[in-house]
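Some notes on the structure that comes next.
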Amino acid sequence: MGERLAKKLLLIGWDAADWKLINPLLDEGHMPALERMINHGVMGNLATLRPILSPMLWNSIATGKRPDKHGILGFIEPDPDTGKLRPVSSTSRRVKALWNICTQSGLRSHVLGWFAGHPAEPINGISVSPLYAEPVAPVDQPWLVPPDSIHPAALTDTLAGCRIHPGQLGEAELLPFVPRAAEVDQEKDHHLAALARVLAENCSIHNAATWILANEPWDLLAVYYNGIDHFCHGFMNFHPPRMEGVPENMFELYKDVVNGAYKFHDMMLERLLQLAGPDATVVLLSDHGFHSDHLRPRYMPKAGPGPAVSHRPVGMICIAGPHLRQDERIYGANLLDITPTVLTLLGLPVGEDMDGRVLVEAFQEPPKIEKIPSWEDVAGECGMHPANLRMDPAAAQAMMQQFVALGYIQTPNEDQTKAVETCVREAQYSLAQVYLDSYRPAEALPILEQLTREKPGEIRFTLHLGQCYLDLGRLTEARTTLEGLVQRGGQPWADWLMGLVRFEENSLDEALTHLSRAAEAEPRLPDLHVRLGNTYLRMRRLDDAEQAFQKAVAIDGDSPDAHLGLARLRLRRRENREAAEEALAAISLRHFLPTGHYCLGVALGRMNHLDRAALAFRTALSMAPGLVNAHRWLVAIYRRTGADLAQIADHQRAIAELQEKRARAGAA
């Protein structure tokens with residue numbers, strides 16, 4: 001083990017928590033516990049992964065690996081023993097999570113409520129599955145703890161007493177969320193029952209966590225709360241400002257629920273911090289955000305996990321504790337960075353097969369980062385179940401019913417063969433999106449080609465196949481794939497992608513036609529206005545480009561591509577200081593943005609900040625080694641600053657190789 005910087009580490013997951021909703025509550029003094037964390041730690045945005053589905057994301061958070069590695073690709077999967085469907089579980093995860101690594105390293109860890117955490121794993125510590133809190137019986141009947149939901153089983157009776165049943169909640173608990181609850185006709189309106197269920201479930205998990213903190217030794221405690229996500233899915237349509245089509249009486253009844261959820265979570269955070277103590281390191285994060293303003297979706301897609309359309313691709317993170325900076329912002333974090341950072345804080349090596357990085361910018365002094373090839377190769381008991389462990393049928397049914405109630409899956413079809421085929425197809429579609437999201441279109445291509453052969457009428461498969469061909473530079477095939485959808489009309493996504501194809505083919509007038517038609521149909525999509533801006537920029541219509549980029553920023557100020565577009569525009573106008581500011585804004589929102597680092601380097605180089613410019617170009621090349629102009633800039637900078645001739649020669653060699661490669665490709 002390396003140097004251990006965190007004596008104890010508390011990892012708290014708030015599903016769907018979003019700074020857009022948190023910041024106004026902080027300003028009004030409604031989240032004092034989080035305010036203190038921010039003042040004594042670092043905060044920032046946390047970029048998510050696609051597809052934005054919670055079981056995939058929370059297991060990437062816990063493993064530092066993308067879903068193609070950890071193996072969880074949705075909410076359900078085929079059961080090889082029964083031939084039916086089952087919810088994803090702790091046996092679905094193919095790699096070690098943080099608590100397994102801690103077990104293997106002799107550390108005591110506890111995990112509660114983690115997504116796909118049933119059956120509870122036999123780790124060195126306490127494991128509480130999310131099913132532990134499910135109310136499987138009426139309030140006036142015995143409420144047994146589901147089998148395999150608590151490890152060690154000896155704590156079952158103790159932790160059973162920590163649970164809260166929805167039927168136990170009354171006016172005192174519900175009125176802070178719905179002050180006019182007495183006006184609700186509960187025979188016709190079931191919102192209060194849904195609210196009570198979510199509230200009770202999160203109280204149960206929280207009570208178990210506080211009991212463990214008060215009574216058990218620990219090195220790592222990881223606790224997951226689904227409350228904000230579930231409250232938002234149930235009540236975001238009633239959140240101010242009132243959406244078109246929402247009855248005024250319903251708005252008045254339920255407008256306070258979402259803000260109430262955040263205040264409630266802050267109260268739970270306060271207690272966790274008290275019990276953890278001042279010497280604990282605390283990591284609070286969400287897997288994604290939730291649209292809460294004019295970007296709230298107007299309709300719910302029927303295909304796939306439709307409610308995910310409400311998820312915003314930016315979550316939140318706050319880290320506080322010894323050896324960490326205080327009252328500072330960090331930039332460019334994504335959820336794959338959590339496991340490497342936690343391992344480093346605990347003095348454990350990071351697996352080289354993990355897809356994230358250590359958030360070194362959060363530390364007062366850069367930590368020493370130790371690495372090993374893979375934790376999967378480390379022998380010894382780690383507390384993982386064998387993959388063939390069977391889940392209790394009643395437990396599986398309870399979890400399936402919850403996913404159906406949330407709208408993430410359809411009610412299983414009586415035709416089990418068809419239901420399994422659909423499940424496998426959705427998993428493959430998710431895997432293709434994982435490959436596209438991680439810049440691996442060649443791996444996504446055979447999957448998407450197969451999906452479109454099986455379901456030629458499924459528009460989303462065809463659109464992603466067109467995107468995949470586009471990413472691979474196979475423009476003719478991309479155009480052919482999309483033409484049918486464009487000709488059919490009414491498909492703004494098809495026009496959008498066709499606009500990108502025509503842009504790459506340098507048919508700019510046609511690109512503009514397609515993109516404008518898409519923007520007219522879907523004017524609220526910031527990325528669409530970014531594409532329009534890029535087209536205007538190439539056409540040298542700079543005023544039109546600025547208008548398009550500014551519109552994208554007005555729709556969503558957290559769009560890195562909109563700020564990148566403005567950076568490129570400012571460079572074109574030789575407005576170098578403004579270009580640097582926009583480039584910094586872009587890479588602060590998405591660190592892996594090689595063009596953003598390149599634009600920053602150009603702006604800084606023109607302003608004669610040569611050392612900082614060189615750093616920006618090196619960063620860009622670490623992400624995209626084929627940026628030939630970044631090599632050229634570095635050659636020029638190194639000549640001016642008298643750098644080692646070997647460095648200059650390296651970049652000159654890279655330029656020559658890239659030019660030769662480009663010439664061969666052109667000849668082909």
Side-chain angles (χ1 to χ4, degrees), residues 11-17 46 48-67 69-77 86-100 109-121 123 127-134 146 148-151 198 201-202 204-206 208-209 221-233 265 283-290 305 307-308 311 315 335-336 338-339 342 384-385 391 395-396 398-409 426-427 430 434:
L11 178 63
I12 306 169
W14 284 358
D15 200 315
L46 194 66
T48 191
L49 307 175
R50 293 183 185 275
I52 309 177
L53 300 178
S54 290
M56 302 170 69
L57 302 179
W58 284 105
N59 281 280
S60 286
I61 289 168
T63 63
K65 297 180 179 180
R66 292 183 181 272
K69 292 181 180 177
H70 66 58
I72 293 178
L73 294 169
F75 291 84
I76 55 177
E77 63 186 8
R86 66 183 182 188
V88 291
S89 67
S90 56
T91 65
S92 308
R93 197 185 69 244
R94 297 196 298 252
V95 301
K96 297 169 185 174
L98 278 167
W99 40 90
N100 305 120
S109 61
H110 312 297
V111 56
L112 300 99
W114 212 264
F115 220 119
H118 186 87
E121 293 183 88
I123 57 174
S127 177
V128 178
S129 93
L131 206 61
Y132 152 84
E134 279 290 299
D148 303 320
S149 60
I150 295 175
H151 167 82
V198 176
E201 182 179 343
N202 282 266
S204 297
I205 292 292
H206 178 70
L221 187 141
V223 56
Y224 164 79
Y225 298 92
N226 65 21
I228 290 174
D229 184 68
H230 288 195
F231 278 124
C232 286
H233 280 299
H265 278 67
V283 180
L284 171 66
L285 72 146
S286 67
D287 57 333
H288 56 76
F290 207 98
H311 295 164
L335 52 80
L336 293 166
I338 303 305
T339 285
V342 169
M384 290 181 73
H385 286 301
M391 184 184 294
M399 294 173 71
M400 293 283 281
Q401 288 175 349
Q402 185 186 61
F403 293 156
V404 170
L406 289 168
Y408 282 120
I409 63 171
E426 290 297 325
S430 291
V434 169

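Numbers here simply count residues along the sequence, with the first being 1.
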Is [Y] close to [X] at the side-chain level, that is, under 4.5 Å between some pair of heavy atoms?
X      : Y      : result
Ser60  : Leu49  : yes
Ser92  : His70  : no
Glu134 : Pro146 : no
Leu112 : Leu221 : yes
Lys65  : Leu336 : no
Tyr132 : Ile205 : yes
Arg86  : Ile76  : no
Ile12  : Leu285 : no

ask   = What do the steps show when you test His118 against Asp148 for side chain to side chain contact (heavy atoms under 4.5 Å, CB included), and what is the final call?
value = CA-CA 7 Å; His118 186 87; Asp148 303 320; 4.2 Å; yes
message = Applying ring pair (Phe, Tyr, Trp, His ring centres under 6.0 Å) to Phe290 and His233, what does each step give before you reach the verdict?
response = CA-CA 9 Å; Phe290 207 98; His233 280 299; 4.9 Å; yes
inquiry  = Measuring from atom CD1 of Ile61 to atom CE of Met56, what distance do you get when rounded to the nearest 0.5 angstrom?
reply    = 12.5 Å
ask   = In Å and rounded to the nearest 0.5 Å, what is the CZ to OG1 distance from Arg94 to Thr63?
value = 10.5 Å
Using modelled atom types only, decide if a donor and an acceptor are shared between the side chain of [X] and the backbone of [Y] within a distance under 3.5 Å.
X      : Y      : answer
Ser149 : Leu131 : no
Ser129 : Gly117 : no
His311 : Ile52  : yes
Asn100 : Ala97  : yes
Asp287 : Trp58  : no

query = Looking just at side-chain N and O atoms, do Asp15 and Tyr225 make a donor-acceptor pair shorter than 3.5 Å?
reply = no
State, to 0.1 Å, how close [X] and [Y] come at their nearest heavy-atom pair, and which atoms those are.
X      : Y      : value
Ala116 : Ile72  : CB-CD1, 3.9 Å
Leu46  : Ser286 : CD2-O, 3.4 Å
Pro119 : Thr91  : CD-CG2, 4.4 Å
Ala308 : Leu53  : CB-CD2, 3.7 Å
Lys96  : Met384 : CG-SD, 3.7 Å
Gly227 : Asn202 : N-OD1, 3.0 Å

task = Applying ring pair (Phe, Tyr, Trp, His ring centres under 6.0 Å), name anything that partners Trp99, two or more places apart in sequence or on another chain.
result = Trp114
ask   = Between Leu11 and Leu98, is a side chain to side chain contact (heavy atoms under 4.5 Å, CB included) present by the stated rule, with each step listed?
value = CA-CA 10 Å; Leu11 178 63; Leu98 278 167; 4.0 Å; yes
task = Could you tell me whether Arg93 and Glu121 make a salt bridge, using a distance below 4.0 angstrom between a side-chain N and a carboxylate O?
result = yes
request  = Test His151 against His385 for ring pair (Phe, Tyr, Trp, His ring centres under 6.0 Å), laying out the working first.
outcome  = CA-CA 12 Å; His151 167 82; His385 286 301; 8.5 Å; no
task = Count the heavy atoms of every other residue, nucleotide or ligand shown that sit under 6.0 Å from CZ of Arg50, and state whether that count exceeds 12.
result = no
